[in-house]
Amino acid sequence: MVTVRAPATSANLGSGFDVFGLALERPADVVRVERADETTIEVTGVGRQYIPENPAKNTAGVVAEELDAPAHIEINKGVRPSSGLGSSAASAAAAAVALNELYDRGLTPTELVRVAAEGEAAVSGEAHADNVAPAILGGFTIVTDEDVTQVDASIPVVACLPEIVVSTRDARQVVPQSVEIDELVSTVGDAATLTAGMFRNDPELVGKGLRNNSLTGARESLIKGFDAVRESALSAGATGVAVSGAGPSVLAVCREGGQSSVASAMLDAFFDAGVEARAYPTSVGSGAAIL
Ligand SMILES: Nc1ncnc2c1ncn2[C@@H]1O[C@H](COP(=O)(O)OP(=O)(O)O)[C@@H](O)[C@H]1O
Ligand SMILES: N[C@@H](CCOP(=O)(O)O)C(=O)O
């Protein structure tokens, strides 16, 4: 038997659609696996009623199939499904690391990222690796078709999760299929600025690079109160605000010690918009860990 904890993640980070991802210290999924003749799944925890236990439809079950590693898989959900915090990815990442250990397959973390991404493909239609990469490797990650780059950044953030449901599959339908050259140039500049900020552990630079573009910004309209939440967070000292993943969560980058005031401002703005929400004042975290 092997048990693994894998963190929530915030993907895209405004300027890095399908490329950037950030591991959060909390919340997290915990997945326990035991060898079996065929894969079965049991789900407990937050949003369990919305998560299939059919292995072919659960990201952890798809990972078991990809690895040819049948197991009884117990998933304790700490990351709410359809949250924009990498819920499906947390289970996929934890299952990949756990089954790799249980069956002693010896795959590298980067190889496990590609396996876990196949789990994501089963639920969102595309094998985007920008959540599973930080969920496995931790820190800030940059995913390309060829490789994954990881940086152990230390940046204070707040993830604010409203009681709104946005599925990644649906949210991928609203993304424009092309952008203008001017926007491409400004987005590359923002992405480079954010990356420099991660390497320097500089929340000011990271915040400047967090600007949504037409790809990620297309989802703002799916989040009731987003504009007010962004303005309130910035007024409370956030250095940048963007849609987290496909939404509805909203990510704010903070200055050192600034999380609680930013979190309060975001919750108040959602409340004023008539939306219940919860906030996770946290920071960049580690990747999947065997317990
Ligand atoms: N192990 C899992 N954990 C969470 N969601 C899962 C899992 N397996 C399949 N799903 C499905 O994936 C969807 C949630 O994934 P997604 O829309 O990407 O949300 P998030 O933005 O939180 O990752 C839901 O429809 C859920 O039924
Ligand atoms: N790049 C993906 C990221 C989805 O993140 P999630 O946390 O909402 O699953 C996208 O934007 O579709």
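A quick note: this is a predicted structure, and the numbers were derived from the prediction, not measured. Counting convention: from 1, in listed order, for ligands and their atoms alike. Just so you know, these numbers use all the heavy atoms, side chains as well, and skip hydrogens, waters and symmetry mates. We number each residue from 1, following the sequence as shown.
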inquiry  = Working note: E204 + R255, criterion salt bridge (charged side-chain N to carboxylate O under 4.0 Å, His left out); need CA distance, chi angles, decisive distance, verdict.
reply    = CA-CA 7 Å; E204 304 292 340; R255 296 180 175 93; 2.5 Å; yes

ask   = For ligand 2, is there an atom lying under 4.0 Å from some heavy atom of G84?
value =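 It does, in that a heavy atom of G84 comes within the 4.0 Å cut-off of ligand 2.
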
ask   = Is it true that E126 lies under 4.0 Å from ligand 2, counting heavy atoms only?
value =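 No; E126 lies far enough from ligand 2 that no heavy-atom distance drops under 4.0 Å.
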
key: Check: N212/E220 side-chain N/O donor and acceptor closer than 3.5 Å   =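 N212 vs E220: donor-acceptor pair found between side chains.
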
query = Does the side chain of S91 pick up a donor-acceptor pair with the side chain of D29 at under 3.5 Å?
reply =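 There is such a pair between these side chains.
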
request  = Check S88 against ligand 1 and report side chain, backbone, both or neither, counting heavy atoms closer than 4.0 Å.
outcome  =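 Within the 4.0 Å criterion, S88 contacts ligand 1 through backbone and side-chain atoms alike.
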
message = Give me the atom names and distance for the closest heavy-atom approach of V241 to A252.
response =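 For V241 and A252, the tightest heavy-atom pair comes out as CG2-CB, 4.2 Å.
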
Nearest atoms (heavy-atom pairs only) where S82 meets S167 =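 For S82 versus S167, the nearest heavy atoms are OG-CA, 4.1 Å.
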
Write out the residue and atom name of the closest protein heavy atom to [atom], then the distance separating them to 0.1 Å.
atom                    : answer
atom 27 (O) of ligand 1 : Y50 O, 2.8 Å
atom 8 (N) of ligand 1  : T59 N, 3.1 Å
atom 18 (O) of ligand 1 : T168 OG1, 2.7 Å
atom 25 (O) of ligand 1 : S82 OG, 4.4 Å
atom 3 (N) of ligand 1  : K77 NZ, 2.9 Å

request  = Any chance you could lay out the salt bridge (charged side-chain N to carboxylate O under 4.0 Å, His left out) test for D170 and R219, step after step, and finish with the verdict?
outcome  = CA-CA 10 Å; D170 294 345; R219 281 116 172 223; over 6 Å; no

key: Nitrogen or oxygen of D29 less than 3.5 angstrom from that of ligand 1   =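 For ligand 1, there is no N or O atom that lies under 3.5 Å from one belonging to D29.
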
inquiry  = Set out, in order, the CA-CA distance, both residues' side-chain angles and the distance that settles salt bridge (charged side-chain N to carboxylate O under 4.0 Å, His left out) for R169 and E126, then state yes or no.
reply    = CA-CA 9 Å; R169 183 182 289 272; E126 291 179 70; over 6 Å; no

key: Subset of ligand 1 atoms that lie under 4.0 Å from at least one heavy atom of R80   =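 Heavy-atom distances to R80 below 4.0 Å select 22 (O).
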
inquiry  = Any nitrogen or oxygen of G247, side chain or backbone, less than 3.5 Å from one on ligand 2?
reply    =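 Such a contact does not occur with ligand 2.
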
query = Which atoms from ligand 2 have a heavy atom of A246 less than 4.0 Å away?
reply =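 Counting from 1, the qualifying ligand atoms are 4 (C), 5 (O), 6 (P), 8 (O).
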
